[in-house]
There are 2 protein chains.
Amino acid sequence: MIGSSGTKEVIMQDEIIANILKSANLSVTASRKKILNLFLSTNGALAHADIEQEADEKMDRITIYRTLQAFVQKGIIHIIPTTDNSIRYALCKDECSEGHHHDQHVHFVCSECHTTYCLEQINVPHVKLPSGFTESQTEVIINGLCAKCHA
Amino acid sequence: MIGSSGTKEVIMQDEIIANILKSANLSVTASRKKILNLFLSTNGALAHADIEQEADEKMDRITIYRTLQAFVQKGIIHIIPTTDNSIRYALCKDECSEGHHHDQHVHFVCSECHTTYCLEQINVPHVKLPSGFTESQTEVIINGLCAKCHA
DNA sequence: ACAACTTTGCAACAAAGTTGCAAAACAATG
DNA sequence: CATTGTTTTGCAACTTTGTTGCAAAGTTGT
Ligand SMILES: [Zn+2]
Ligand SMILES: [Zn+2]
Ligand SMILES: [Zn+2]
Ligand SMILES: [Zn+2]
C-alpha cells in the first residue's frame, strides 16, 4: 500500500506533531495535535474561522483561541496581518522560539481564492525612514492574483 | 485677536469642511462635519474608537461606522491596516476619488504612543513576485519608535 | 416654504473575543 | 499502572465590534 494515507505514515506524522509540541514545552493534547496537523497539511495560512470549520465537531471556539495564542507565543506559528482585518496564522519555518519571531518575509493574499502565502524566499525590503524614526518590524502584504487563480 | 481659535478662523474652517463634503457629493450634516474636522485637526490616523471618544456625546456608534464608510468610498479618507488588527483611517492627500484610491505610501505605527503616520513621501517599494503571481496592491506597515517617542 | 431625498438614531441582531471556574486530561513519579 | 500535582478544556457569562431594517429628523433644491 503506497500513499500518504497509509497507517504507518499517519503514525509517523503523529510523532512528528508530538515532538513539535514537546519541543515547545506544550503538553500533547488532542486539540493541539489536530490544529497543528491542520497547519502541517495546509500550504497557505489559516484563519480562526477556517480551523473552526475543519475541526469535525467536538472542539470549542475558546480552545482554538487559546491554542493559537499558545502556538504564537511558543514560536510555532506566526500572525499574518491582512488588509481585510482578519488575522491569519502560518507555520514558522525560520528559527522562531518563545517570544522571538524572525519571520521577515513578504506575505501574499490572493484576491480571488483568498489563500494567504508566506513568500519565504522574499525578504521584506528595507525602507529608509524620516530622521528620528526607528524601525523594529516591517510587514509587507501584497494583494493580487496567485498562480492558481491566474486566468 | 490673533490665533487659531478666533471666530473668523472657525467659520473659514467650517466652510472648507463643507466644501470637501459637497465636492464628494455628500450632504453637509453635523456628524460628518464633526468627524471630518477631527481628521483635519489630527496629524496621525484615527480609529473608530478614537472618534467615539472625542465626539462629545450625541453621536451614535452606527453613525460613525456609516460616516467612515462613506468617507472611504468617496475618497476622502483611506484605510490603514495595522498589525494589531485595528483599522485606522487617515485623510487622503493624493488625488483619490470615488472608488479609486491612490495612497501608495508607507505607513508607520509607533509602538510607544500608537500614533499612526502616513509617510506620504515614501512610496511602497516594488517587490518581485514568483512567476504566476501578479500584484494589485502592496501595503507596507512599519512598527517602531516615532520621532516624538525616541528617548 | 414645500416636496423629494438622504441621513440619523434606535432596536435588534450577529460575529468575534475575553475571563473565571470546575471537570477532565495530561505528565511525572514511584 | 496507579497516584498526585499541574495543565488544559469546555461551559457560562460577558464585552466589544460590526450589521441591518425602519421610522423620525435633517438636508437639498425649487
Ligand atoms: Zn488564488
Ligand atoms: Zn509568513
Ligand atoms: Zn510615538
Ligand atoms: Zn496613509
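Numbers restart at 1 for each chain; the letters A, B, ... are given by sequence-line order, proteins then strands. Remember, predicted model here, so these are calculated numbers, not experimental data.
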Over 60° means perpendicular and under 30° means parallel, so tell me whether A:H107 and A:H105 are parallel, tilted or perpendicular.
perpendicular
Which residues, ordered by chain and number, are linked to A:I142 in its hydrophobic cluster, where ILVMFWY side chains connect at heavy-atom gaps below 4.5 Å, directly or through other members?
A:V106, A:F108, A:Y117, A:L119, A:I122, A:V124, A:V127, A:L129, A:F133, A:V140, B:V106, B:F108, B:Y117, B:L119, B:I122, B:V124, B:V127, B:L129, B:F133, B:V140, B:I142
Round to a whole Å and report the spacing from [atom1] of [X] to [atom2] of [N].
X: A:N25; N: C:dC26; atom1: CG; atom2: P; value: 18 Å
X: A:K74; N: D:dT8; atom1: NZ; atom2: C1'; value: 13 Å
X: A:L26; N: C:dA27; atom1: CG; atom2: P; value: 11 Å

Pairs in or reaching into residues 31-53 of chain A: which pass ring-ring contact (aromatic ring centres under 6.0 Å, His included), with residues at least two apart or in two chains?
A:H48-A:Y65
Could you write nucleotides 10-26 of chain D as a row of B, S and -, 5' to 3', where a protein heavy atom under 4.0 Å of any base atom gives B, of only sugar-phosphate atoms gives S, and otherwise -?
BBB----BBB-B-----
By nearest-nucleotide position on DNA chain C, the 5'-leaning member of B:T67 and A:K22 is B:T67
OP1 or OP2 of C:dT7 versus the side-chain N and O atoms of B:S27: is any pair under 4.0 Å?
yes
Do side-chain atoms of B:S136 reach the backbone of A:N143 as a donor and acceptor pair under 3.5 angstrom?
yes
Check whether B:T63 reaches the backbone of B:M59 with its side chain - one donor and one acceptor, N or O, closer than 3.5 Å.
no
Within the supplied structure, the quantity of interest is the number of heavy atoms (other residues, nucleotides, ligands) at a distance under 6.0 Å from B:E112 CD; does it exceed 12?
no
